[in-house]
Amino acid sequence: DTGVSQDPRHKITKRGQNVTFRCDPISEHNRLYWYRQTLGQGPEFLTYFQNEAQLEKSRLLSDRFSAERPKGSFSTLEIQRTEQGDSAMYLCASSSPDYAYEQYFGPGTRLTVT
Amino acid sequence: AQTVTQSQPEMSVQEAETVTLSCTYDTSESDYYLFWYKQPPSRQMILVIRQEAYKQQNATENRFSVNFQKAAKSFSLKISDSQLGDAAMYFCACQGGSEKLVFGKGTKLTVNP
């Protein structure tokens with residue numbers, strides 16, 4: 001078991017560009033979560049999938065953000081028309097059906113919008 | 001809605017000593033979980049310990065233990081025999097009523113040799 005992986009680890013983009021991040025959960029984990037962490041803060045919940053269904057979205061997830069998990073395996077998070085305020089660490093986590101309350105985190109994707 | 005408050009932005013401890021990190025929370029849920037996560041510098045979040053709210057017994061994982069005071073909505077983490085590798089940001093989190101974790105702002109722990 002290789003753990004949760006995220007790609008890329010770092011992304012620098014110019015304001016107004018679109019970016020997409022990928023998360024691969026631990027195999028057989030059916031729940032997948034996205035969080036955003038800004039400097040000096042704890043992670044904030046963005047959205048959550050159970051299999052391919054997106055079951056909960058935060059109000060933080062504006063219409064410029066979209067997340068998918070098309071086959072219930074990996075997930076993508078896209079940010080359109082990036083703004084400087086989008087600069088943050090984007091964390092992905094997954095959990096198993098048997099221990100849904102234990103979320104395992106990936107290393108994160110650090111986004112810098114210039 | 002849940003809130004989690006960590007009132008200690010930074011703490012320090014001498015190697016081999018004991019330190020306690022504070023956390024208070026608020027939730028309207030009767031069934032919830034509480035967690036402590038560790039985030040070493042430039043490394044990923046690691047689950048340290050969890051506590052089910054319906055359990056009266058405090059959780060323990062090796063050198064890590066919690067003091068869960070349900071009525072006071074307090075959930076502190078005690079680290080015994082502190083090691084240099086314990087240096088990290090520590091986040092308290094609550095989960096109840098939905099799958100999402102609600103985190104506090106964290107406490108930066110420094111371990112002095």
Side-chain angles (χ1 to χ4, degrees), chain A residues 2-7 9-10 23-26 29-51 53-61 67 69 75 88-110, chain B residues 1-10 21-27 29-55 59 61 75 77 88-109:
Chain A
T2 57
V4 178
S5 61
Q6 293 187 243
D7 184 69
R9 295 290 305 276
H10 302 274
C23 171
D24 287 87
I26 294 171
H29 277 194
N30 67 337
R31 289 165 165 84
L32 187 148
Y33 312 81
W34 286 100
Y35 293 83
R36 181 172 68 186
Q37 185 178 22
T38 53
L39 203 60
Q41 302 293 320
E44 295 174 294
F45 172 78
L46 292 178
T47 190
Y48 143 66
F49 291 85
Q50 183 169 323
N51 300 312
Q54 188 174 19
L55 297 185
E56 189 173 354
K57 291 170 61 173
S58 165
R59 282 172 290 180
L60 291 175
L61 214 64
R69 194 182 184 198
S75 174
M89 178 75 85
Y90 290 83
L91 299 171
C92 177
S94 69
S95 65
S96 73
D98 296 329
Y99 297 95
Y101 46 80
E102 285 195 10
Q103 296 183 22
Y104 293 86
F105 283 80
T109 294
R110 180 167 295 284
Chain B
Q2 291 135 52
T3 59
V4 176
T5 303
Q6 294 180 249
S7 59
Q8 306 155 317
E10 296 188 26
L21 308 184
S22 300
C23 173
T24 58
Y25 65 94
D26 193 17
T27 179
E29 302 293 331
S30 57
D31 186 19
Y32 56 92
Y33 295 89
L34 296 165
F35 305 86
W36 279 97
Y37 278 86
K38 169 185 177 182
Q39 189 175 41
S42 302
R43 296 183 62 186
Q44 63 204 72
M45 299 268 277
I46 302 165
L47 177 61
V48 174
I49 197 165
R50 75 168 191 273
Q51 174 80 42
E52 294 89 336
Y54 63 85
K55 290 187 177 179
E61 286 287 341
F75 183 63
L77 174 70
M89 285 292 293
Y90 285 81
F91 292 96
C92 178
C94 179
Q95 182 190 57
S98 82
E99 299 278 335
K100 69 180 181 183
L101 289 168
V102 175
F103 287 87
K105 291 187 175 183
T107 296
K108 181 180 180 181
L109 178 66

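So you know, we letter chains A, B, ... as the sequences are listed, proteins then strands, and number each from 1. No hydrogens, no waters, no symmetry mates; every other heavy atom, side chains included, goes into these values.
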- Query: If you count the non-hydrogen atoms of other residues, nucleotides and ligands that lie under 6.0 Å from NZ in B/Lys38, is the total more than 12?
  - Reply: yes
Identify which part of [X] has an atom lying under 4.5 Å from any heavy atom of chain A, answering side chain, backbone, both or neither.
| X | value |
| --- | --- |
| B/Arg43 | neither |
| B/Glu99 | both |
| B/Gln39 | side chain |

- Task: Determine the option with the most heavy-atom pairs under 4.5 angstrom with chain B, choosing from A/Glu56, A/Met89, A/Arg110.
- Result: A/Glu56
- Task: Locate the shortest heavy-atom distance separating B/Gln95 from A/Tyr101; write the atom from each residue and the value.
- Result: OE1-CB, 3.2 Å
- List the atom of B/Phe91, the atom of A/Gln37, and the distance in Å for their closest heavy-atom pair. CZ-NE2, 3.4 Å
Is any side-chain heavy atom of [X] closer than 4.5 Å to a side-chain heavy atom of [Y]?
| X | Y | value |
| --- | --- | --- |
| B/Tyr33 | A/Glu102 | no |
| A/Pro43 | B/Met45 | yes |
| A/Tyr35 | B/Leu101 | yes |

- Task: Rounded to the nearest 0.5 Å, what's the gap from CZ on A/Phe45 to OG on B/Ser98? Could you check?
- Result: 6.5 Å
- Query: What distance separates A/Glu44 CD from B/Lys100 NZ, expressed to the nearest 0.5 Å?
  - Reply: 10.5 Å
